[in-house]
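The structure appears below as structure tokens.
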Number of protein chains: 2
Amino acid sequence: MLISEFAKVTGLPVDTIRFYIAKGLLKPDRSLKGGSNPYQLFKPEDVTAARMIRLQQTLGYTLGEILALNEEYRAGEHSSERTIEVLQLQIERLQQRKEALDAALTFLHSKVDWIKSGKPGSAPRLEDYQC
Amino acid sequence: MLISEFAKVTGLPVDTIRFYIAKGLLKPDRSLKGGSNPYQLFKPEDVTAARMIRLQQTLGYTLGEILALNEEYRAGEHSSERTIEVLQLQIERLQQRKEALDAALTFLHSKVDWIKSGKPGSAPRLEDYQC
DNA sequence: CTTGACCCTGGAGTGCACTCCACACTTATA
DNA sequence: TATAAGTGTGGAGTGCACTCCAGGGTCAAG
């Protein structure tokens, strides 16, 4: 598929796609059949890759980290131990984020409860939900 | 307390603190006693505010959003309904992030399990953990 | 009263992640 | 064959969140 269709499928602006290509995050095929096609061709797996990038971004990774992560992941494709190591690292980091998020949610919920109950006693303190 | 001590207590660089003050995120007192002190004075509640800012940042809010959120929060201080509304919105947003995070974690865990079990069947697909 | 540590303001610079633009080429349609 | 729509490259610009620096004021110690 061409870039405009890829943009539609992924929901990403064309400029952003080109930006990702320049960064090495996406690698569409070029000129498949004897130089007949001067355009970049995107495969279904590129769609998956794009979605993976967006996911990793919402999880707080920078594009540089995502690139490094994915390359390391590819490099360790034949070494299960290395791959597992990379995955474990990601899991650990996400786990930490989740804990901070849980603490924040508990704090917010307790604040809502406190207000709804007519504000008896002192307000819930951020310090009590260490994040 | 003066800015250098505040920096030590919060762990933030002095420049960042001044940046937050310029943005209106922190409001230390100025010249308390008859213009004798030309320096900004930070109170314990400023420390809490700084920690709140950092927390909100890790949760994905921009400084602009944090400012708006905190001002709206202050504005609704006497209207419990408005405050609860703001809190509910925050909770909703964080809940969404948590769900994406959970999906990612489940995906990563299943990938680890799949590798550890000698890679039987097909690899876990990102698509199956909609995020 | 000088020295050194600390403070303030204003403005410039940095890295990241886009976003926009000018210009040139290719391809489908009228 | 003219024209419009889509594609590629290179480079400039934007917004955010800092980060650094010059120039100048304040204050406590010696």
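In what follows, every heavy atom counts, from backbone to side chain, and hydrogens, waters and symmetry copies are set aside. Computed from a predicted structure; not experimentally measured. Numbered from 1 within each chain, the chains take letters A, B, ... in sequence-line order.
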Closest heavy-atom pair and its distance - B:F42, B:I21: CZ-CD1, 3.8 Å
Contact under 4.0 Å: B:Y20 side-chain N or O vs D:dC18 OP1/OP2: yes
Interatomic distance where CD1 belongs to A:I17 and P belongs to D:dG8 [whole Å]: 10 Å
Validation: residues 102-111 of chain A side-chain donor-acceptor distances under 3.5 Å, sequence neighbours left out:
unit_1	atom_1	unit_2	atom_2	d
A:D102	OD1	B:K98	NZ	2.7
A:T106	OG1	A:D102	O	2.8
A:S110	OG	A:T106	O	3.4
A:S110	OG	A:F107	O	2.8
A:S110	OG	A:Y129	OH	3.0
A:K111	NZ	B:Y73	OH	2.8

N/O (side chain, A:S4) to phosphate O (OP1/OP2, D:dT7) under 4.0 Å: yes
Polar contact flag, side-chain donor to acceptor under 3.5 angstrom, A:Q57-A:R54: yes
Whole-Å distance separating the CG atom of B:L63 from the C1' atom of D:dC16: 8 Å
Phosphate OP1/OP2 of C:dA17: any A:T16 side-chain N/O under 4.0 Å: no
Electrostatic pair A:R125:A:D128 at N-O distance under 4.0 angstrom: no
B:R97 side-chain N/O to B:L59 backbone N/O, donor-acceptor pair under 3.5 Å: yes
Taking only nitrogen or oxygen atoms into account, show me every contact under 3.5 Å that the protein makes with nucleotides 8-11 of chain C, one pair per line with its distance.
unit_1	atom_1	unit_2	atom_2	d
C:dC8	OP1	B:Q40	N	3.0
C:dC8	OP1	B:Q40	NE2	2.8
C:dC8	OP2	B:R18	NH1	2.5
C:dT9	OP1	B:R30	NH2	3.3

Pairwise N/O distances under 3.5 Å, protein to nucleotides 12-14 of chain C:
none

